[in-house]
Amino acid sequence: MTSHATVSHCALVHARAGFSAELGERLQALVQASGQAHGCLHFAVQRSQCDHNLWLVSGFWAHQEAMLAWFDSPAMQVFSDLVQALLVERLDLHTFANVAAA
């Protein structure tokens, strides 16, 4: 393991009723471009098994700078586009850092 901490993000995206399939297609378009971004260790889009309107977008990054660069990239425009297209009912974005073991 490297000496600097990895970081991650997760976005919980809840589609408006009737728009989950379209939302999923647009989110899935992020996977290839984001997975190839500098410092990206893993990137995924997943759909809830219990609530088919709920999607999880998650990424694991080698370091904070790589994740922040991705946040500033054109790929992130998709979230603004989804909100403006009224496909999203709710969007929660969270970032996390690994906690070092004592």
Side-chain angles (χ1 to χ4, degrees):
M1 185 174 235
T2 60
S3 62
H4 51 77
T6 58
V7 294
S8 63
H9 70 81
C10 76
L12 295 169
V13 187
H14 200 272
R16 285 185 50 221
F19 293 98
S20 188
E22 183 177 350
L23 175 66
E25 289 173 14
R26 291 196 185 184
L27 291 175
Q28 192 63 35
L30 281 173
V31 174
Q32 184 175 8
S34 299
Q36 295 174 356
H38 173 74
C40 183
L41 303 174
H42 179 74
F43 194 91
V45 173
Q46 298 171 291
R47 188 179 196 179
S48 171
Q49 293 181 348
C50 299
D51 179 351
H52 291 287
N53 288 326
L54 182 60
W55 294 84
L56 171 65
V57 179
S58 59
F60 291 86
W61 303 88
H63 45 79
Q64 180 83 8
E65 293 79 13
M67 183 176 70
L68 293 176
W70 180 76
F71 286 163
D72 287 337
S73 75
M76 285 297 287
Q77 180 64 37
V78 73
F79 291 104
S80 177
D81 293 346
L82 292 171
V83 170
Q84 290 179 12
L86 301 177
L87 300 179
V88 174
E89 181 177 301
R90 191 172 57 249
L91 173 65
D92 297 313
L93 177 66
H94 303 275
T95 59
F96 301 89
N98 287 345
V99 178

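By convention here, the first residue in the shown sequence is residue 1.
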*Asks:* Hey, any chance L56 and F71 share a hydrophobic cluster, counting ILVMFWY side chains that come within less than 4.5 Å of each other, even indirectly?
*Replies:*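 L56 does not cluster with F71.
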*Asks:* Please table the atom pairs, donor to acceptor, closer than 3.5 Å between any side-chain atom in residues 28-44 and protein atoms at least two apart or in another chain.
*Replies:*
{"from": "S34", "atom 1": "OG", "to": "L30", "atom 2": "O", "distance (Å)": "2.9"}
{"from": "S34", "atom 1": "OG", "to": "W70", "atom 2": "NE1", "distance (Å)": "2.9"}

*Asks:* Can you name the salt bridge (Lys or Arg N to Asp or Glu O under 4.0 Å) partners of R26, sequence neighbours left out?
*Replies:*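 Residues passing salt bridge (Lys or Arg N to Asp or Glu O under 4.0 Å) with R26: E22.
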*Asks:* Would you list the atom pairs, donor with acceptor, under 3.5 Å between side chains in residues 7-14 and any protein atom, with sequence neighbours excluded?
*Replies:*
{"from": "H9", "atom 1": "NE2", "to": "G59", "atom 2": "N", "distance (Å)": "3.3"}
{"from": "H14", "atom 1": "NE2", "to": "D51", "atom 2": "OD2", "distance (Å)": "2.9"}

*Asks:* Which residue pairs pass the side chain to side chain donor-acceptor pair (under 3.5 Å) test when at least one of the two sits in residues 80-91, sequence neighbours left out?
*Replies:*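 Every pair satisfying side chain to side chain donor-acceptor pair (under 3.5 Å) with a residue in residues 80-91: Q77-D81, S80-Q84.
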*Asks:* Check whether any side-chain heavy atom of L91 lies under 4.5 Å from a side-chain heavy atom of W55, and answer yes or no.
*Replies:*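 In short, these two side chains do not touch, never coming nearer than 4.5 Å.
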*Asks:* Could you state the interatomic distance from CZ (F19) to CG (L82), rounded to the nearest 0.5 Å?
*Replies:*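 So the gap between those two atoms works out to 12.0 Å.
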*Asks:* Are V78 and L68 linked, directly or through other ILVMFWY residues, by side chains that come within less than 4.5 angstrom of each other?
*Replies:*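 Yes, it is one cluster - the side chains of V78 and L68 are joined through contacts under 4.5 Å.
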*Asks:* Output yes when a side-chain donor or acceptor of S20 lies under 3.5 Å from a complementary backbone atom of A15, and no otherwise.
*Replies:*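 Looks like no, no N/O pair under 3.5 Å.
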*Asks:* Just so I know, are the side chains of F79 and V57 near enough to count as touching, which here means a heavy-atom distance under 4.5 Å?
*Replies:*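 Yes, side chains in contact.
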*Asks:* Can you name the side-chain hydrogen bond (donor to acceptor under 3.5 Å, both in side chains) partners of E65, sequence neighbours left out?
*Replies:*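 By the side-chain hydrogen bond (donor to acceptor under 3.5 Å, both in side chains) rule, E65 matches H63.
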*Asks:* Could you go step by step and tell me if T6 and F96 meet the side-chain contact (heavy atoms from CB on, under 4.5 Å) rule?
*Replies:* CA-CA 9 Å; T6 58; F96 301 89; over 6 Å; no
*Asks:* Give, for atom CG of N53 and atom CG of L87, the distance between the pair rounded to the nearest 0.5 Å.
*Replies:*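 Result: 11.5 Å between the selected atoms.
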*Asks:* Under 4.5 Å between side-chain heavy atoms, hopping through other hydrophobics if needed: is there a path connecting V83 to L27?
*Replies:*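 Per the 4.5 Å side-chain linkage, V83 and L27 are co-clustered.
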